[in-house]
Amino acid sequence: MDIKRTKIVDIFDPNLIGQKVCVKGWVRTRRGNKNVQFVALNDGSTIKNIQIVIDLSKFDEETLKPITTGSSLHVEGMLVASQGKGQTSEIQAETIEIYGTADTESYPLQKKGHTLEFLREKAHLRPRTNTFGAVLRVRSALAFAIHKFFNERGFFYLHTPLITASDCEGAGAMFQVTTLNLNELPIDEATGKVDYTQDFFGKQTSLTVSGQLEGELGATALGAIYTFGPTFRAENSNTPRHLAEFWMIEPEVAFNDITDNMDLAEAFVKYCIKYALDNCRDDIEFLSQMYDKELITRLNFVLENSFVRLPYTEGIKILQESGKKFEFPVSWGIDLQSEHERYLVEQHFKRPVILTDYPKEIKAFYMKLNDDGKTVRAMDVLFPNIGEIIGGSEREENYDKLMQRIEELHIPMKDMWWYLDTRRFGTVPHSGFGLGFERLVLFVTGMTNIRDVIPFPRTPKNAEF
Ligand code: ATP
Ligand code: MN
C-alpha cells in the first residue's frame, strides 16, 4: 500500500487506464451479488463517484461487512475501462483498508431522497451529499472568480473591520459586541444608561453591517478597492433571501460615476456566472437536473443579454400600469418589495434590471443627490428568482450636501469624523456597490433557500453547528 493517492476528479483520465491506482473516500452506495460487489466511492473532489469492483473470491465477507454507506476507505487496484454504462473506468480492488465505519442504524445519510429541510438539520454532514457537495464547490469557485475578476482589473483587496463603533449605516439592525457582564451592567449615574466607557473598546460597538464606509477610505487612497468578508445583520425576517451572517463583496472606485458603477456591476456578475459555467459544469448540470431544468438556460440568458437600466420613477409607472394587484400597493416613494422587483424582471422585461435614481427618503444618507433634489444616484441590480442581488450608488462627495443629509436624518456622527474627512481633504466623485455573495450563489446553483448555499447558516433562533 504505497501508491500515491489520485483524487477522484483526476481518476477518469483515460491515460490512467491499465495502471495501478490508489483512491480514498467515503462510500456512497454498495450493491452486488455473492460473486462481486460494487462500491461507489466519492472523495468530494467531484460530483462523480468512482466504482470499486470487489471480486468476492479475493476478499472474505467478514472484512467487507463494515463497508456501508458513509464508511471511509483506502482502495488500491487496477484502473480498467468500465463495462457498465454511465462510467468510463472503474477500479478492480486489490487491497482495501477501512478507515472508519458508519453504523447503518445511526448514520443519517442513507442512500438518497432526503429533503433539503431534513438536511438543514444535519448541516454537519450534508456536505457529503451530492447536492451540497455541488453547491459548496460552486460557492468556492465563485469566491475564486471574484478575486480573479478584481485582481485582473487592478483592484486592491482591502480588509475592513468586523467590529465597528459606527451605527449610522441604517442597513439593518446590528449585533452588539461587548465584554460587559450582562447580569451586572455598569450604569452611568448621570444618564441612568449603560456606561460603555467601561466596555472593552470604551464605547458601544457592534458587528459590521457593511464595509463600505471604510471601503471609501481605501478607494480615495488606492483608487479602486474591493472588500470580501462576512457581514452581520440582526434581521428578524425569516425569508429565503436573508441570513444573519452573510458574505458581501463591496467594490469602491474613485472617479467612477453611476454609469461606470453600473458597467462594473454588470461585467462583474457576468464574469462570475461565466466562470462557474466554465469551471463547474458537472455540478451545475447535476443541480439543474435535480432542482431546476431551466437553470443553464437562465444563466446563459443573463450572460447574453444586457441589463435593462431604468429610473425608479419609470419602474413605478410600469408597475402602476401593469394592472396587476400587488400585496403591497404601488405609489411613488415606496420601497420596492420583492413582488414588485420580480414583476419588473420576470414578467415585464424578462431580464435583469438595474433600477436607478430612487427617492432619497428610502436610501442611505451617503448617496449622491440628483439635481431634482428628490432622488439619489442609487442603483439596485434585480435578478430573476432572486430580486435584489446588488445595491449600490454614486456617493455624495460634497461635504456640505452630505452634512445636510446627516443632519436631516439625525445620524449620530460623533464617531464618524474620519468618514467626513474624505470629503474635507481631496474629495473626489466615487461609486461602489455591495453584492450579497449568497444571493449570487443562489442564482448560479438554482437553489431557492439561502440556507442551502452557505455551509452553516445563521438565522433567527438558529446558530447550531
Ligand atoms: P434587502 O432589501 O434584500 O434586505 P438591502 O437593501 O438591505 O437588501 P443592501 O444593504 O444594499 O441590501 O446590501 C447589499 C447586498 O447585500 C444586497 O443587494 C443583497 O444582495 C445582500 N444582502 C443584504 N442583506 C442580506 C441578508 N440579510 N442576507 C443575505 N444577503 C443580504
Ligand atoms: Mn435588508
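Counting starts at 1 for both ligands and their atoms, in listed order.
No option in Lys368, Glu396, Met367 other than Met367 meets the side-chain contact (heavy atoms from CB on, under 4.5 Å) test with Val376.
The Arg241 neighbourhood of ligand 1 comprises atoms 28 (N), 29 (C), with distances under 4.0 Å to a heavy atom of that residue. Heavy-atom contacts of Gly391 reach the following atoms of ligand 1: 11 (O), 18 (O) (cutoff under 4.0 Å). Ligand-side atoms of ligand 1 in range of Ile450: 29 (C), range being under 4.0 angstrom from any heavy atom. Atoms of ligand 1 found under 4.0 Å from any heavy atom of Glu235, numbered from 1 in the order shown, are 24 (N), 25 (C), 26 (C), 27 (N).
Cation-pi contact between Arg153 and Tyr271: present, with separation from the ring centre below 6.0 Å and deviation from the ring axis of at most 45°. Cation-pi check for Lys148 over Phe144 is not met; the charged atom does not lie both under 6.0 angstrom from the ring centroid and within 45 degrees of its normal.
The closest non-hydrogen atom to atom 2 (O) of ligand 1, taken over Lys363, Glu341, Glu388, comes from Glu388. With Arg439, Glu245, Arg458 as candidates, the residue nearest to atom 3 (O) of ligand 1 on a non-hydrogen basis is Arg439. If you check each of Met248, Glu250, His242 against atom 16 (O) of ligand 1, the one with the closest non-hydrogen atom is Met248.
Between Asp10 and Arg5 there is no salt bridge, since none of the side-chain N atoms of the basic residue sits less than 4.0 Å from a carboxylate O of the acidic one. Taking the charged nitrogens against the carboxylate oxygens, Arg342 and Glu346 do have a contact shorter than 4.0 Å, which makes a salt bridge. A salt bridge does not link Glu314 with Lys317: none of the charged nitrogens is closer than 4.0 Å to a carboxylate oxygen.
The shortest side-chain heavy-atom distance between Arg126 and His114 does not fall under the 4.5 Å cut-off.
Phe175 CZ: more than 12 foreign heavy atoms inside a 6.0 Å radius.
Contact annotation for Asp380 and ligand 1: no heavy atom of the residue comes within less than 4.0 Å of the ligand.
Taking any N or O of Phe246, backbone or side chain, none lies under 3.5 Å from an N or O belonging to ligand 1. Considering backbone and side-chain N/O of Leu243, one or more are found under 3.5 Å from N/O of ligand 1.
Residue contacts with ligand 1 include Arg233, since one of its heavy atoms falls under 4.0 Å from the ligand.
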